[in-house]
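The basis for the numbers below is simple: all heavy atoms, side chains too, and nothing from hydrogens, waters or symmetry mates.
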Amino acid sequence: MVRMRSAVQSRSRAPFSLEWIGFLMGCLYDEGMSGFHYKMTPRVGDASSSFDVSDLNKEQAEAVMHTRGPLLVLAGAGSGKTKTLVYRMARLIHDGVDPKRILLLTFTRKASQEMMRRACGVLDARCQQVVGGTFHSFCNMVLHQYATQIEYQNGFTIMDRSDAENLMALIRKQGDYQKKDKRFPKKNTLLDMVSKSVNTNRSIEQVLMDDFPHFYDLTDDVLEIAKKYHIQKEALNLMDYDDLLVKMVHLLNHHPNIRQQLSKKYQYIMVDEFQDTNHIQLAMLKGLASEHQNLMVVGDDAQSIYSFRGADIQNILTFETMFDNVTTIRLSTNYRSTQPILDVSSDVINHDVNLYEKALVAARSGGEKPKLVEAFDDMEQADFVVDRLLSLREEGVSLTSMAVLFRSSSHSSQVELALTRANIPYKKYGGFKFTETAHIKDAMAYMKVMVNPDDELSWHRVLQLLDGVGPKLSQQIINYQREQQFNFSGMDYAPFKKKAAHDELLGIAALMATTNGMAPTDVLQRVLDAYQPVLKKTYDDFHKREQDLNALVALSARFRSLAAMLDEFTLEPPESSQVGADAVSDDDEHVVLSTIHSAKGLEWSRVFVLSVVDGYIPSFRSLQDPAQIEEERRLLYVAMTRAKDDLYLIKPNLDDPSAYYPMGGMSFSQLTRFISPDQVDRYFDTWSLGVGEAVGNDDPFGDDAGKKYSL
């Protein structure tokens with residue numbers, strides 16, 4: 001289906017409303033300044049003055065002034081979607097909407113906080129009262145209020161990925177599923193199977209057939225494990241990430257009175273990055289908007305690249321059919337890139353006829369053509385990147401304003417070696433997250449059992465830190481504590497008096513009995529005092545780990561309760577850890593290395609995209625699925641639109657036998673199928689690399705390949 005309807009065409013299905021006529025009459029065009037500038041009269045409440053949107057373009061202002069009913073904002077790359085959300089939030093509050101009646105849903109806490117901060121700058125501090133956060137954090141807040149309605153206790157805790165894998169491992173081991181005659185999926189694979197089933201709305205059987213066909217004959221076992229996994233979570237008063245969404249939708253669907261209360265409470269709902277939502281999040285939004293339909297979703301179908309997490313591009317493509325009288329507005333002015341970059345990016349993405357057509361217009365003039373660079377192999381590709389980075393730096397371009405992007409993390413290994421040889425500092429997106437490190441998980445396990453004593457997973461972690469305590473003894477201790485109803489003030493651990501860990505058990509009992517009601521910082525300091533001997537005994541790099549633990553203490557001062565701290569750390573973990581960190585260069589500048597997925601939403605002056613060849617982009621793993629191939633096209637589009645001033649696509653020749661995919665007999669040496677020879681001629685300056693003399697804008701696939709490029 002070709003989706004080429006304009007915003008005006010979308011609205012033409014219904015007659016002009018009084019609100020739309022009022023909008024047109026409220027527009028004033030100031031010819032003395034560039035573009036349209038507006039003074040709008042409020043339509044919500046009795047504000048005494050108009051809201052100033054003179055800093056917005058026509059389409060942004062139209063979205064900001066929209067009040068009633070569903071609104072789809074198709075925000076092209078770099079088109080100011082965040083600014084539009086910020087101004088609409090401020091405008092609603094300016095016109096009399098209680099900020100606590102506005103719900104802002106994003107995919108990171110940082111994004112929502114930044115939007116509210118900016119809205120305060122546009123209006124005032126009232127914008128900080130908006131209910132903003134991630135889907136998961138919002139669900140967590142609501143479910144804690146209605147826990148008993150979903151058959152959970154009020155003090156449930158949330159498992160992170162590692163916790164969920166450990167629970168799966170426990171079930172796997174207890175059931176003796178490890179077949180001696182056949183390979184059985186590991187804990188992380190089992191969790192992937194269950195999570196994919198939930199997030200993609202497919203049965204486990206279908207997930208196994210589509211994604212894990214080599215395990216399909218184990219379907220009955222996997223189904224049994226999945227059932228035990230869900231039962232065990234409820235028994236231990238635990239939820240995983242998926243449960244937060246699933247239980248929320250269950251609450252809305254099975255308790256109409258609660259759905260009505262929540263929908264009336266949150267009168268205006270705004271959603272960022274709507275193209276990244278899955279079917280559960282969509283069901284949740286429909287329930288929350290059921291009383292008023294005041295749902296504003298902002299997104300770009302061309303940047304839907306997370307289907308592996310369950311994101312469903314059909315949510316944004318079919319939004320206009322889900323609600324009555326949908327208003328659709330396109331943001332097509334790009335404030336990031338030059339027109340030559342936008343021209344080729346739009347042409348590449350418009351070959352997917354199922355998407356809305358893209359015609360981005362640069363807000364600034366000028367700009368050089370993107371460069372298509374052919375290298376002999378990946379080593380020459382890496383040398384080119386280093387040479388060009390150094391040259392640009394000498395021309396005054398800072399290293400920090402440049403980035404090297406790639407489809408998969410492994411594709412950057414040669415570039416990393418070349419950067420190290422050239423003494424160029426770089427930061428690669430990824431590595432250890434703060435709460436994924438063993439020592440932080442140890443400390444948090446103590447706090448988790450304080451909030452939820454039924455959390456056996458955390459008890460196993462705490463107890464097995466003690467001398468002589470393994471899985472069997474740990475379970476015995478947990479059973480004893482449950483028999484004592486977790487009354488730690490009178491617990492003497494008498495059955496374990498002869499165990500080496502008896503004194504340490506008494507210390508844990510004292511800790512549990514005396515910290516109730518303490519502030520999180522005080523509790524954590526007590527925990528770390530008890531944990532310090534274990535830390536020094538277990539880890540050779542304990543000095544680095546102590547820095548993380550001290551940072552944890554400092555962060556805890558922000559929270560009023562342990563439960564709130566644990567929820568936030570699980571849902572929105574801090575990113576950086578000292579573990580595995582290299583020495584920091586005295587030079588503040590660094591080049592960014594990033595997968596394309598991690599680069600979404602970011603921008604740099606100069607962008608290098610590695611290995612733009614079939615088998616890499618698109619990945620060879622996607623070549624049997626047309627839908628996946630089109631997602632790979634969107635991935636290339638995201639990479640190209642990160643560049644503000646200059647874009648380099650590099651195509652290494654990989655014509656040796658190791659470059660062949662063994663299953664398909666395919667060479668990874670052809671330019672990506674997403675860029676045609678005609679597009680090369682129209683949009684690119686072409687450079688060929690090699691050992692010879694300079695070659696100008698010649699055919700990168702012709703006889704001049706293998707010569708040195710000139711700048």
Side-chain angles (χ1 to χ4, degrees), residues 10-11 13-14 17-20 22-23 42-47 63-73 85 88-106 112 116 126-127 129-150 244-272 274 277-299 315-316 318-329:
S10 174
R11 282 192 299 270
R13 292 172 295 185
S17 65
L18 290 176
E19 179 179 312
W20 177 239
F23 168 80
R43 277 182 287 281
V44 182
D46 299 316
V64 166
M65 297 311 297
H66 177 88
T67 298
R68 301 292 182 185
L71 171 64
L72 170 63
V73 178
L85 282 163
R88 185 170 188 263
M89 187 193 316
R91 201 275 299 178
L92 287 171
I93 297 170
H94 170 274
D95 288 359
V97 175
D98 183 345
K100 295 178 182 177
R101 300 294 190 221
I102 300 173
L103 175 61
L104 172 65
L105 293 173
T106 61
S112 61
M116 288 188 283
R126 286 177 292 169
C127 298
Q129 299 175 39
V130 167
V131 180
T134 65
F135 281 87
H136 290 86
S137 62
F138 174 72
C139 292
N140 179 59
M141 178 188 72
V142 172
L143 292 176
H144 272 295
Q145 297 174 17
Y146 298 102
T148 56
Q149 302 292 330
I150 54 171
L244 292 171
L245 300 177
V246 171
K247 300 297 184 184
M248 180 68 175
V249 171
H250 177 86
L251 183 71
L252 294 171
N253 288 344
H254 291 81
H255 298 275
N257 58 324
I258 296 175
R259 179 180 67 241
Q260 188 178 56
Q261 291 170 17
L262 290 172
S263 185
K264 288 182 176 179
K265 181 176 182 178
Y266 301 108
Q267 299 169 353
Y268 294 90
I269 303 171
M270 295 189 290
V271 183
D272 189 24
F274 184 64
T277 56
N278 62 23
H279 74 102
I280 315 173
Q281 289 160 325
L282 177 62
M284 167 185 156
L285 292 171
K286 287 180 176 179
L288 291 173
S290 58
E291 293 295 311
H292 49 70
Q293 308 287 290
N294 296 328
L295 174 62
M296 174 190 187
V297 299
V298 181
N315 287 0
I316 192 168
T318 62
F319 185 82
E320 292 172 316
T321 67
M322 296 178 194
F323 300 91
D324 295 329
N325 301 317
V326 174
T327 298
T328 302
I329 298 172

In short, side-chain hydrogen bond (donor to acceptor under 3.5 Å, both in side chains) pairs touching residues 279-289 with sequence neighbours left out are none
Taken in chain and number order and not counting sequence neighbours, the residues that satisfy side chain to side chain donor-acceptor pair (under 3.5 Å) with T134 are S137
Taking every heavy atom of T67 against every heavy atom of Y268, the minimum-distance pair comes out as O-CE2, 3.5 Å
- Query: Should M284 and L105 count as side-chain neighbours, where that means a heavy-atom distance under 4.5 Å?
  - Reply: yes
For D98, the side chain to side chain contact (heavy atoms under 4.5 Å, CB included) test, sequence neighbours excluded, returns K100, R101
| query | Are any non-hydrogen side-chain atoms of L92 and M296 less than 4.5 angstrom apart? | reply | no
Here the gap from L252 atom CG to M248 atom CE, rounded to the nearest 0.5 Å, amounts to 4.5 Å
Here the side-chain hydrogen bond (donor to acceptor under 3.5 Å, both in side chains) pairs for residues 289-298, sequence neighbours left out, are none
Here the pair of heavy atoms bringing H136 nearest to L244 is O-CD1, 3.9 Å
Closest non-hydrogen contact found for A63 with R88 is O-CD, 3.5 Å
Applying ring pair (Phe, Tyr, Trp, His ring centres under 6.0 Å) to H144 and not counting sequence neighbours gives F156
Those residues at least two apart in sequence (or on a different chain) that pass side chain to side chain contact (heavy atoms under 4.5 Å, CB included) with V246 are V198, I280
Correct closest heavy-atom pair for A289 and S263 would be C-OG, 3.8 Å
query = Would a distance-only check, ignoring hydrogens and angles, find a side-chain to backbone donor-acceptor pair under 3.5 Å from T277 to F274?
reply = yes
Just so I know, are the side chains of I316 and V297 near enough to count as touching, which here means a heavy-atom distance under 4.5 Å? no
- Query: Could you walk me through whether I93 and V130 pass the side-chain contact (heavy atoms from CB on, under 4.5 Å) check?
  - Reply: CA-CA 9 Å; I93 297 170; V130 167; 3.8 Å; yes
Distance col, row L71:CG vs I269:CD1, nearest 0.5 angstrom, shows 13.0 Å
Tightest non-hydrogen contact, residues C127 and A90, listed as SG-CA, 4.2 Å
Kindly say whether T327 contributes a backbone atom to a donor-acceptor pair with the side chain of H66 at under 3.5 angstrom?
no
Between the CD1 atom in I258 and the OH atom in Y146, the distance rounded to the nearest 0.5 Å is 5.5 Å
Is there a side-chain contact between L85 and V73 in this structure, where contact means two heavy atoms from C-beta onward sitting under 4.5 Å apart? no
In this structure, CD of Q261 is separated from NE2 of H255 (nearest 0.5 Å) by 11.5 Å
What's the verdict on side-chain contact (heavy atoms from CB on, under 4.5 Å) for L72 and F323, showing C-alpha distance, side-chain angles and the deciding distance?
-> CA-CA 11 Å; L72 170 63; F323 300 91; over 6 Å; no
When rounded to the nearest 0.5 Å, the distance separating CG of L285 from CG of N315 is 8.5 Å
By side chain to side chain contact (heavy atoms under 4.5 Å, CB included), D324 pairs with (sequence neighbours left out) none
For residues 245-266, the salt bridge (charged side-chain N to carboxylate O under 4.0 Å, His left out) pairs (sequence neighbours left out) are E234-K247
The ring pair (Phe, Tyr, Trp, His ring centres under 6.0 Å) partners of F135 (sequence neighbours excluded) come to F107
Side chains of M116 and I102 in contact at under 4.5 Å (non-hydrogen atoms): no
For H254, the ring pair (Phe, Tyr, Trp, His ring centres under 6.0 Å) test, sequence neighbours excluded, returns H250
Residue set satisfying side chain to side chain donor-acceptor pair (under 3.5 Å) with T106, at least two apart, ordered chain then number -> none
So CG of N257 and CG of L262: to nearest 0.5 Å the spacing works out to 9.5 Å
